[in-house]
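Read the numbers this way: they start at 1 and go in the same order the structure lists the ligands and their atoms.
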Amino acid sequence: MTPAQVDTGADLRALADEANERLAEASAAQIIGWARETFGSSLVVASSMADTHLVHLAQAVAPEIDVLFLDTGYHFAETIGTRDAVAHAYQVNLISILPRRTVAEQDAEYGPKLHDRDPDLCCAMRKVEPLERGLKPYTAWVNGMRREESPTRANIRVIDYDAKRDKVKISPIAAWTQDEVDTYVAENSVLINPLFMDGFASIGCEPCTRRVAPGEDARAGRWAGFSKTECGLHT
Ligand code: SF4
């Protein structure tokens, strides 16, 4: 199928099922290559800048690819610095998406530190809605989820149909281990968020991210004190 042919939900689901079966064991580069060939400029990478290895890989296979970054207003300065370095050094078209409200506007309307009281609502306004808006022009999106990151990600497919958004969702590094990430980063001198060298294993917004102890699940440092483990982008 060409991109012009995949314009309905039913077609996208069938396309995703077929491609997932065929490419389940393919390399990450092959999966991104297939996605570029299939969707052309209607393909985008969503990156938190904690997965710059994914951005590096995507632009190596698909130069000038669009990369969406959700600028929540709560990021560490190191994350914003990483985004700017990536935009400068890599062959990407980096697009920062802002929430509809600034942090000050949200504080005025919902009270300060909503993230401490209702992180689901805060994520809905600062991550989920901006992602929906950012993804709208595209048919398919690439993300950096890996199965070993957490039990909630253990069964992700490399190519899936995202029914909620009516898009194809591509997870080319789903099978990568942390060792494979580290090897790719070292071999390709990938720009990384410096917080990874300071005890952080998974990096999100500053108020909702803490360092993890050795041996702890990488995502244990996210929303510590809440049962929440995902921001809602992948549900
Ligand atoms: Fe708000 Fe925390 Fe979600 Fe960021 S991660 S949007 S600060 S609740």
Side-chain angles (χ1 to χ4, degrees), residues 44-55 67-87 94-136 138 141-146 148-153 156 162 164-165 167 169 171 178 181 192-213 216-235:
V44 65
V45 176
S47 172
S48 63
M49 294 300 146
D51 49 9
T52 47
H53 45 283
L54 174 73
V55 180
V67 175
L68 285 186
F69 172 74
L70 304 178
D71 189 351
T72 64
Y74 276 121
H75 281 300
F76 291 94
E78 289 87 343
T79 301
I80 299 300
T82 305
R83 174 201 64 184
D84 294 346
V86 162
L94 206 138
I95 303 163
S96 288
I97 307 283
L98 296 170
R100 294 208 185 275
R101 294 172 185 79
T102 64
V103 169
E105 286 167 349
Q106 180 172 297
D107 287 355
E109 202 170 328
Y110 293 88
K113 298 191 176 181
L114 182 63
H115 44 76
D116 285 355
R117 294 175 285 112
D118 191 345
D120 284 343
L121 179 58
C122 187
C123 276
M125 293 192 287
R126 312 204 76 76
K127 287 185 167 181
V128 179
E129 186 280 329
L131 180 70
E132 312 297 323
R133 194 162 17 99
L135 289 181
K136 229 170 211 140
Y138 303 94
W141 64 296
V142 179
N143 71 87
M145 284 198 299
R146 294 186 297 109
E148 72 160 25
E149 284 175 316
S150 73
T152 56
R153 298 184 174 188
I156 52 175
D162 179 350
K164 183 174 155 192
R165 303 178 177 96
K167 300 190 189 299
K169 183 175 178 180
S171 306
Q178 186 60 51
V181 173
I192 60 165
N193 191 322
L195 294 174
F196 283 124
M197 290 171 275
D198 191 20
F200 291 85
S202 174
I203 301 167
C205 294
E206 187 166 3
C208 302
T209 307
R210 66 160 172 79
R211 292 175 178 81
V212 293
E216 228 183 341
D217 188 296
R219 291 184 68 81
R222 306 287 296 279
W223 301 285
F226 287 90
S227 58
K228 182 176 171 67
T229 56
E230 297 282 352
C231 46
L233 302 183
H234 299 291
T235 53

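Within ligand 1, counting atoms from 1 as listed, the ones closer than 4.0 Å to a heavy atom of Pro119 are 8 (S). The ligand atoms of ligand 1 that sit less than 4.0 angstrom from a heavy atom of Arg126 are 6 (S). For ligand 1 and His115, the ligand atoms under 4.0 Å from any heavy atom of the residue are 1 (Fe), 2 (Fe), 7 (S), 8 (S).
The shortest non-hydrogen separation linking Val212 to Ala201 is CG2-CB, 3.5 Å.
Nearest residue to atom 4 (Fe) of ligand 1 from Gly204, Ala124, Cys208, Cys205 is Cys205 (criterion: closest heavy atom).
Within the 4.5 Å cutoff, no side-chain heavy atoms of Val67 are placed close to those of Phe69.
Residues that satisfy the ring pair (Phe, Tyr, Trp, His ring centres under 6.0 Å) test with Phe76, not counting sequence neighbours, are Phe200.
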Start with the C-alpha distance between Arg133 and Glu129, add both sets of side-chain angles, then the distance that settles salt bridge (charged side-chain N to carboxylate O under 4.0 Å, His left out), and finish with yes or no. CA-CA 6 Å; Arg133 194 162 17 99; Glu129 186 280 329; 2.9 Å; yes
